J.: 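Have a look at this one before I ask anything.
Predicted model only: the values in this text are computed from it and were never measured.
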Amino acid sequence: MKFRAKIIDVGCLNHFTRVVNTISKLTKTCILRLTPDNLYFVLSGKISSGGVSMWCELSQANFFDEYQLEGVAPDANEICLEVTPENLSRALRTVQNAKCVKIKLTKKHCPCLTFAAELPTLSSISRVVTHDIPVDVIPRRLWQDFKEPKMPDFDVGIYLPPLKTMKNVVDRMKNLSNFLVMEANLNGEMNLKIETDLVSVTTHFKDLGNPPWGGDGSQGRSQSRDPELMAHTRVDIRKLQQFLMGQQVNPSKAMCNIVHKRIIHLILLHEDVSLQYFIPAVA
């Protein structure tokens with residue numbers, strides 16, 4: 001089992017750092033799944049018990065100048081590691097001006113992801129900074145828990161307004177309630193609502209547009225739905241706020257699928273990163 005990679009391009013390094021920073025805001029620990037073509041950050045929460053889940057996929061070719069992987073077995077050419085994203089983020093923040101960054105799976109006092117960064121210097125002597133980040137190797141028998149989640153059979157899919165605008169609205173609403181109702185329809189309309197015994201506040205968004213999901217008929221529930229009819233889900237406002245606060249991916253598209261009274265499925269798409277985040281409903 002071997003893994004080593006190298007980033008030379010400073011733009012790729014900065015982009016990778018932004019992705020890791022985003023993940024570090026969303027979860028304290030997660031699974032880093034390494035395959036020959038992709039890297040995945042996975043949080044496999046139990047939706048039924050109120051936990052969020054996350055799936056972030058990166059194409060390794062768009063980030064790394066060199067990338068070598070030897071998985072646990074010829075028929076299972078991948079590696080799964082439990083990592084603390086904040087430790088990865090901290091290491092990457094200290095090497096932003098590096099001439100190159102090498103990442104390697106090592107065995108020291110425990111399994112580690114070792115980051116070795118060659119920093120620029122005025123002399124001919126190279127200066128290398130090394131970070132050893134402890135990880136836990138996930139045994140193959142548990143891998144089935146970290147596969148890509150299936151897209152739920154949702155009622156409404158909608159494009160999100162600018163995430164910064166949405167974050168500002170949610171930040172203000174958080175001072176009024178612990179819960180928020182998110183609702184949308186197939187006419188491109190979305191509302192964020194707070195309802196308590198003392199106050200009722202609604203922010204309306206319109207002309208957002210609806211993604212062309214289900215052209216193959218796979219989304220039967222949304223295909224036959226009245227365009228005016230709202231689908232809604234009540235969620236813990238802190239979980240939505242955490243998602244919006246941590247976002248540094250700068251997506252080209254941001255979408256939300258609502259499973260009526262069950263799940264909010266948030267999707268951020270960048271040309272070389274996709275991030276899915278699932279927030280369960282609360283009663």
J.: Can you measure from CG (Asp207) to CE (Met190) and round to the nearest 0.5 angstrom?
T.: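 One gets 13.0 Å once the value is rounded to the nearest 0.5 Å.
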
J.: Are Gln60 and Asn38 linked by a side-chain donor-acceptor pair shorter than 3.5 Å?
T.: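 No, because no side-chain N or O of Gln60 sits under 3.5 Å from a partner of the opposite role on Asn38.
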
J.: Do Val137 and Met1 touch side chain to side chain, with heavy atoms closer than 4.5 Å?
T.: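 Of all side-chain heavy-atom pairs linking Met1 with Val137, at least one is under 4.5 Å.
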
J.: Heavy atoms, side chains only, cut-off 4.5 Å: are Val156 and Phe154 in contact?
T.: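 Val156 vs Phe154: side chains apart.
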
J.: What pair of heavy atoms forms the shortest contact from Lys239 to Val52, and how long is it?
T.: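 Shortest heavy-atom separation between Lys239 and Val52 comes out as CD-CG1, 3.6 Å.
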
J.: Only one of Ile103, Asp37, Leu39 passes side chain to side chain contact (heavy atoms under 4.5 Å, CB included) with Tyr67; say which it is.
T.: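 That would be Leu39; it is the only one of Ile103, Asp37, Leu39 passing the side chain to side chain contact (heavy atoms under 4.5 Å, CB included) with Tyr67.
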
J.: To the nearest 0.5 angstrom, please state how far the CG atom of Asp136 sits from the SG atom of Cys110.
T.: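 It comes to 7.5 Å.
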
J.: Please report the interatomic distance CZ(Arg33) to CD(Glu148), rounded to the nearest 0.5 Å.
T.: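 The distance works out to 8.5 Å.
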
J.: Please answer: with hydrophobic residues joined when any side-chain heavy atoms are less than 4.5 Å apart, are Leu142 and Ile79 in the same cluster?
T.: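 Looking at the clustering, Ile79 is in the same group as Leu142.
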
J.: Any carboxylate oxygen within less than 4.0 angstrom of a Lys/Arg side-chain nitrogen, looking at Glu86 and Lys28?
T.: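 The answer is no: the pair does not qualify as a salt bridge.
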
J.: Keeping the roles fixed (side chain from His260, backbone from Ala231), state whether a donor-acceptor pair exists under 3.5 Å.
T.: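 No.
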
J.: Centroid separation under 6.0 Å, is that true for the rings of His15 and Phe63?
T.: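 They qualify: ring centres under 6.0 Å apart.
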
J.: Which heavy-atom pair separates Gln242 from Lys25 by the least distance, and what is that distance?
T.: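 So the two residues come closest at NE2-O, 3.1 Å.
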
J.: Could you check whether any side-chain heavy atom of Leu88 comes within less than 4.5 Å of a side-chain heavy atom of Val83, counting everything from C-beta outward?
T.: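 Contact flag for Leu88/Val83 side chains = yes.
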
J.: If you define the side chain from C-beta out and look only at heavy atoms, does anything of Met182 sit under 4.5 Å from Leu180?
T.: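 In contact.
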
J.: Could you tell me whether the side chain of Leu266 reaches within less than 4.5 Å of the side chain of Met255, counting heavy atoms only?
T.: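 No, their side chains stay 4.5 Å or more apart.
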
J.: Any side-chain heavy-atom pair from Asn21 and Arg93 closer than 4.5 angstrom?
T.: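 Sidechains of Arg93 and Asn21: in contact.
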
J.: Using the side chain to side chain contact (heavy atoms under 4.5 Å, CB included) rule, take Leu208 and Leu160 through it: C-alpha gap first, then chi angles, then the decisive distance, then the call.
T.: CA-CA 7 Å; Leu208 296 175; Leu160 292 174; over 6 Å; no

J.: Would you mind checking if Glu118 and Lys99 are paired as a salt bridge, meaning a charged N to carboxylate O distance below 4.0 Å?
T.: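 Salt bridge present between Lys99 and Glu118.
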
J.: Calculate, to the nearest 0.5 Å, the distance between atoms CG and CZ belonging to Leu275 and Phe41 respectively.
T.: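 If I round to the nearest 0.5 Å, the distance is 11.0 Å.
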
J.: Could you go through Leu119 and Arg127, starting from their C-alpha distance and side-chain angles, then the distance that decides it, and tell me whether this counts as side chain to side chain contact (heavy atoms under 4.5 Å, CB included)?
T.: CA-CA 5 Å; Leu119 301 180; Arg127 189 161 58 105; 3.8 Å; yes

J.: Quick one: pull up OG in Ser44 and CZ in Phe278 and give me the separation to the nearest 0.5 Å.
T.: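 Nearest 0.5 Å value for the OG-CZ distance: 10.5 Å.
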
J.: Find out whether Ile8 and Glu66 are in side-chain contact, i.e. whether some heavy atom of one side chain is under 4.5 Å from a heavy atom of the other.
T.: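 No, every pair of side-chain atoms sits at 4.5 Å or beyond.
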
J.: How is the hydrophobic cluster of Val282 composed, in terms of its other members, when Ile, Leu, Val, Met, Phe, Trp and Tyr link through side-chain heavy atoms under 4.5 Å apart, directly or indirectly?
T.: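 Hydrophobic cluster check, Val282: joined to Phe179.
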
J.: Do the non-hydrogen side-chain atoms of Ile237 and Val170 ever get within less than 4.5 Å of each other?
T.: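 Contact flag for Ile237/Val170 side chains = yes.
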
J.: Looking only at atom types and distance, does a side-chain atom of Arg140 sit under 3.5 Å from a main-chain N or O of Ala73, one as donor and one as acceptor?
T.: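 Looks like no, no N/O pair under 3.5 Å.
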
J.: Using distance alone, with no hydrogens and no angle criterion, decide if Thr114 and Thr106 have a side-chain donor and acceptor under 3.5 Å apart.
T.: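 Yes.
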
J.: Using a 6.0 Å cut-off, check whether atom NZ of Lys261 has over 12 heavy atoms from anything other than its own residue.
T.: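 Not buried by this count: 12 neighbours or fewer within 6.0 Å.
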
J.: Any chain of hydrophobic side-chain contacts (each under 4.5 Å) joining Leu192 to Met245?
T.: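 Different clusters.
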
J.: I need the single residue from Asn185, Asn210, Asn187 that forms a side chain to side chain contact (heavy atoms under 4.5 Å, CB included) with Pro227. Which is it?
T.: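 Testing each of Asn185, Asn210, Asn187 against Pro227, the sole residue satisfying side chain to side chain contact (heavy atoms under 4.5 Å, CB included) is Asn187.
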
J.: Can you tell me if Thr17 and Gln96 form a side-chain donor-acceptor pair at under 3.5 Å?
T.: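 Indeed, the side chains of Thr17 and Gln96 share at least one donor-acceptor pair under 3.5 Å.
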
J.: Does Asp226 have more than 12 heavy atoms from other residues, nucleotides or ligands lying within 6.0 Å of its CG?
T.: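 Atom CG in Asp226 is crowded, with more than 12 foreign heavy atoms closer than 6.0 Å.
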
J.: Between atom CG of Leu43 and atom SG of Cys30, what is the distance when rounded to the nearest 0.5 Å?
T.: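 Result: 7.0 Å between the selected atoms.
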
J.: Hey, is CZ on Arg4 packed in by over 12 heavy atoms from elsewhere, all under 6.0 Å?
T.: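 Open.
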
J.: Are the aromatic ring centres of Phe146 and Tyr40 under 6.0 angstrom apart?
T.: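 No; Tyr40 has its ring centre 6.0 Å or more from that of Phe146.
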
J.: Are Lys108 and Asp132 close enough for a salt bridge, meaning some N to O gap below 4.0 Å?
T.: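 Looking at Asp132 together with Lys108, the answer is yes, because their closest N to O distance falls below 4.0 Å.
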
J.: Would you please test Met166 and Val169 for side chain to side chain contact (heavy atoms under 4.5 Å, CB included) and show each step?
T.: CA-CA 5 Å; Met166 193 171 166; Val169 171; 5.8 Å; no

J.: Could you tell me whether the side chain of Trp55 and the main chain of Lys147 form a donor-acceptor pair under 3.5 Å?
T.: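 No, because the side chain of Trp55 does not come within donor-acceptor range (under 3.5 Å) of the backbone of Lys147.
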
J.: Excluding sequence neighbours, so at least two apart, what forms salt bridge (charged side-chain N to carboxylate O under 4.0 Å, His left out) with Glu195?
T.: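 Listed in chain order: Lys193.
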
J.: Between Pro85 and Val20, which heavy-atom pair has the shortest distance, and what is it?
T.: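 Nearest heavy atoms, Pro85 then Val20: O-CG1, 3.9 Å.
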
J.: Please check if the side chain of Thr196 supplies one atom and the backbone of Val199 the other of a donor-acceptor pair under 3.5 Å.
T.: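 Here the side-chain-to-backbone pair exists.
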
J.: Do the side-chain N and O atoms of His204 and Asn191 include a donor-acceptor pair separated by under 3.5 angstrom?
T.: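 A donor-acceptor contact under 3.5 Å links the two side chains.
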
J.: Counting neighbours of CG on Asp197 that are heavy atoms of other residues, nucleotides or ligands and sit closer than 6.0 Å, is the number greater than 12?
T.: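 No - once you tally the heavy atoms of other residues, nucleotides and ligands closer than 6.0 Å, there are 12 at most.
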
J.: For Val181 and His232, work out which heavy atoms get closest and say how close.
T.: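 Looks like CG1-CB, 3.9 Å.
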
J.: Can you see which heavy atom on Ile258 is nearest to which on Thr233, and at what distance?
T.: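 Taking Ile258 first and Thr233 second, the nearest heavy atoms are CG2-OG1, 3.5 Å.
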
J.: Please confirm whether the backbone N or O of Leu186 pairs with a side-chain atom of Glu189, one donor and one acceptor, at under 3.5 Å?
T.: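 No.
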
J.: Can you classify the ring geometry of Phe16 versus Phe64 as parallel (below 30°), tilted (30 to 60°) or perpendicular (above 60°)?
T.: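 It falls in the perpendicular class, over 60°.
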
J.: For Met230, is the CE atom crowded, meaning more than 12 foreign heavy atoms sit under 6.0 Å from it?
T.: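 Yes.
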
J.: Can you check side chain to side chain contact (heavy atoms under 4.5 Å, CB included) on Thr203 and Arg172, steps first, answer last?
T.: CA-CA 11 Å; Thr203 300; Arg172 293 190 181 96; over 6 Å; no

J.: Taking all atoms of both residues into account, what is the closest heavy-atom pair of Leu163 and Ala254, and its distance?
T.: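 Closest heavy-atom pair between Leu163 and Ala254: CD2-CB, 4.1 Å.
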
